[in-house]
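The structure appears right after this line, and notes come after that.
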Amino acid sequence: MATRWGLCGAGKICHDFSVAMKTLLPEDHQITVVASRSLERAKDFAKKHNIPKAYGSYEELANDPDIDIVYLGVLHTEHWRVGLLFLKAGKNMLCEKPFAMNARQVKDLVSAAKKNNVFLMEGVWSRCFPVYAEVRRLLAEEAIGEVKLVKAYFCSPQLDIPRLVKKELGGGSLLDIGIYCLQFVLMVFNGERPECIQATGVLLDSGVDESVVVAMKFSRSRMALCVFSIASRLPNDAVIAGTKGCIQVLGPMHCPTTLVVNNKKTEYPVPEPCLPLNFINSTGLRYEAEEVRQCLLQGLKESPRMPLAESVLLTETMDEIRKQVGVVFSQDNQ
C-alpha cells in the first residue's frame, strides 16, 4: 500500500519534493493533499502537481485522517509552531531542515513526537543519498584507516535572496547551508559531540552571518574544518582524510552524485525531473521519501540515518557557533 503524503507548504522546496516523488513508484508513494495558508495558492499547486486535495489552512491538514505522514516545507521560523500542531494531532512528520531555530525548539518537537508516539525526522536529505551510504560503508570497514581530519565547504553567493539576509526570516549562512557541512562531520564521527568548537565569522548589517569558519576537535586527536558563506563561491566538496587514504565527496556535497576514493571516481546520478527544479539535484529528495517509507513500514519512530539525538546535537552545535559569531534570533529570548 502506498505511503500517503500531506504537504504543508506550497513554496519552492515543496515543488521540488513533489517533482522528486514523480520519480518513485505510485504504488509506493502518493501525495494526497497540499495545505497552504492561502487556499488559492494550494489549489494552484495541487493543479500543477496533480494532487487530489487542497487546504487553505494547516489545521485542516492536521485533522485529515487519510494521510500517513506530513512533509513540513514552510519557512524554518515556523517549524516549531506548525510542527507542534501536527505532532500533537498525532501525525508522523518529516520536517525540512533546519529542524527549528534553536536547540530548545528542537527538543520541544522531539518531546512532542515521543509523547504522541509518532515518527519524526529532520529532512537532512543528504544522509539518504547513495554517495553518503557508500561513505558510511567505507568508514565502517576502515577503508582509509583511522580518520584524522574532515573538511567540508559550502559557499554559494545568495545575498540577493531576502530569506537568507533578513534576521526575522531566520537568515544567514549557518542555518541554510552551514548545517550541511556540520551534519557531514557529525556523520563521519558517528554523532559524537565535539570536545571543542572554535568559530569566527562575518555578519551582515542585518545581524545574520554572511561567512563562517569553524574548527572542531574530537576525541582521539581528530579534527574537522567547515567553511560556509552566502557571499562567495567554492567547489563545495567534502574530504575525509585517513591514515591510509582519502574519501572525497565532490560538490555539491549536500546532494552529491560523485564519490572519489583514493583517486578512483564513481558516479551515482539522480533521475531527470519531469518539471524544472528550484534547487540542484532535487530529484534526490526521492531517497529521503523512500527512507521515511521504509521506517514507517518497520514501525520505527525515527530514522537511523538521521537520529533525533543527532538532530539535537547538530542544533546545539549551531547554537554554540551562533553564540561565538554573535548571531541572536528573537526565538532565543522566548
Side-chain angles (χ1 to χ4, degrees), residues 3 5-9 13 35 57-65 67-128 170 174-176 178-180 182-183 186-187 189-194 197 288-289 291-323 327-334:
T3 300
W5 293 81
L7 300 190
C8 181
I13 193 66
S57 76
Y58 303 152
E59 287 75 14
E60 288 172 281
L61 181 59
N63 293 322
D64 189 329
I67 55 169
D68 300 308
I69 185 151
V70 170
Y71 173 71
L72 186 57
V74 298
L75 194 64
H76 51 279
T77 49
E78 294 292 295
H79 284 179
W80 176 72
R81 184 182 65 82
V82 182
L84 286 177
L85 170 75
F86 292 121
L87 296 172
K88 287 175 178 177
K91 292 287 184 279
N92 298 311
M93 187 169 78
L94 171 63
C95 178
E96 194 41 71
K97 55 61 69 182
F99 222 154
M101 296 300 292
N102 54 39
R104 180 186 56 80
Q105 289 192 341
V106 170
K107 286 173 182 173
D108 282 351
L109 291 168
V110 171
S111 172
K114 289 180 176 171
K115 188 178 176 183
N116 291 280
N117 196 33
V118 291
F119 174 88
L120 179 63
M121 179 184 179
E122 181 180 14
V124 181
W125 63 316
S126 318
R127 294 283 179 103
C128 304
L174 174 63
L175 291 191
D176 188 60
I179 185 173
Y180 286 120
L182 297 168
Q183 66 80 26
L186 293 181
M187 181 187 79
F189 292 135
N190 282 316
E192 184 183 312
R193 187 178 295 275
I197 300 169
E288 178 181 71
E291 167 67 8
V292 169
R293 173 172 164 80
Q294 292 307 319
C295 287
L296 293 178
L297 289 173
Q298 292 168 46
L300 301 179
K301 300 304 175 187
E302 58 184 295
S303 164
R305 294 198 184 184
M306 191 64 206
L308 294 174
E310 206 163 317
S311 284
V312 171
L313 175 60
L314 177 59
T315 317
E316 287 174 340
T317 304
M318 294 196 293
D319 284 357
E320 176 59 27
I321 291 166
R322 282 201 294 117
K323 185 178 166 187
V327 177
V328 181
F329 293 113
S330 61
Q331 289 87 348
D332 297 328
N333 305 314
Q334 287 169 2

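What you see is a predicted model; the values in this text were computed from it and never measured.
- Distance check: Ile179 CD1 to Ser126 OG gives 9.0 Å after rounding to the nearest 0.5 Å.
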Full working for salt bridge (charged side-chain N to carboxylate O under 4.0 Å, His left out) between Glu310 and Arg127: CA-CA 12 Å; Glu310 206 163 317; Arg127 294 283 179 103; 2.6 Å; yes
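- A donor-acceptor contact shorter than 3.5 Å links the side chain of Lys97 to the backbone of Asp176.
- Between the Asp319 side chain and the Asn102 main chain, no donor and acceptor come within less than 3.5 Å of each other.
- The two residues Thr315 and Ala103 make their nearest non-hydrogen contact at CG2-N, 3.4 Å.
- The nearest pair of heavy atoms linking Pro194 to Leu313 is CD-CD1, 4.5 Å.
- With hydrogens and angles left out, the side-chain atoms of Ser57 and Glu60 include a donor and acceptor closer than 3.5 Å.
- The main-chain N or O of Tyr180 is found under 3.5 Å from a side-chain atom of Gln183 such that the two form a donor-acceptor pair.
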Derivation and outcome, side chain to side chain contact (heavy atoms under 4.5 Å, CB included), residues Cys8 and Tyr71: CA-CA 6 Å; Cys8 181; Tyr71 173 71; over 6 Å; no
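- The shortest distance between side-chain heavy atoms of Trp80 and Gln331 does not fall below 4.5 Å.
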Verdict with reasoning, Leu296 to Thr3, per side chain to side chain contact (heavy atoms under 4.5 Å, CB included): CA-CA 9 Å; Leu296 293 178; Thr3 300; 4.1 Å; yes
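- One distance of note links CG of Leu308 with OG of Ser111; it measures 11.0 Å at 0.5 Å rounding.
- Leu109 CG to Arg81 CZ: the interatomic distance, rounded to the nearest 0.5 Å, is 12.5 Å.
- Residues Val110 and Ser311 are not in side-chain contact: their nearest non-hydrogen atoms beyond the backbone lie 4.5 Å or more apart.
- Heavy atoms only, all atoms of each residue included: Glu96 and Gly73 are closest at CB-CA, 4.3 Å.
- Using a 4.5 Å heavy-atom threshold, the side chains of Ile321 and Val327 count as separate.
- Between Asp332 and the choices Arg104, Gln105, Arg322, the side-chain hydrogen bond (donor to acceptor under 3.5 Å, both in side chains) rule is met once, by Arg322.
- Side chain of Asn92 to backbone of Ile69: no donor-acceptor contact under 3.5 angstrom is found.
- With rounding to the nearest 0.5 angstrom, the CE atom of Met121 is 8.0 Å from the CZ atom of Arg305.
- In summary, of the residues considered (Val70, Val82, Leu72), a side-chain contact (heavy atoms from CB on, under 4.5 Å) with Tyr58 occurs for Val82 alone.
- In this structure, Leu300 and Pro304 approach most closely via the heavy-atom pair CD1-CD, 4.1 Å.
- From Leu186, atom CG reaches atom CE of Met306 across 7.5 Å, with rounding to the nearest 0.5 Å.
- A distance-only check finds no donor-acceptor pair linking the side chain of His76 to the backbone of Phe99 [under 3.5 Å].
- For His79 (side chain) and Cys95 (main-chain N/O), no donor-acceptor pair under 3.5 Å exists by modelled atom type.
- Ionic pairing of Lys107 and Glu316 is present here: one or more N-O contacts between side-chain nitrogen and carboxylate oxygen are shorter than 4.0 angstrom.
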Chi angles and distances behind the side chain to side chain contact (heavy atoms under 4.5 Å, CB included) call for Gln294, Gln298: CA-CA 6 Å; Gln294 292 307 319; Gln298 292 168 46; 4.0 Å; yes
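- Here the OG-CE distance, from Ser330 to Met101, works out to 7.0 Å after rounding to the nearest 0.5 Å.
- Looking at heavy atoms from C-beta onward, Val118 lies out of side-chain contact with Met93 at the 4.5 angstrom threshold.
- Between Trp5 and Asp68, the side chains place no donor N or O within less than 3.5 Å of an acceptor N or O (distance only, hydrogens not considered).
- Of all the heavy atoms in Gly6 and Leu61, the pair that sits closest is CA-CD1, 4.0 Å.
- Side-chain N or O atoms of Lys91 include one that pairs as donor or acceptor with a backbone N or O of Asp64 at under 3.5 Å.
- The backbone N or O of Asn117 sits less than 3.5 Å from a side-chain atom of Lys301, completing a donor-acceptor pair.
- Residues Leu314 and Val106 form no side-chain contact, since every pair of their non-hydrogen atoms from C-beta on lies 4.5 Å or further apart.
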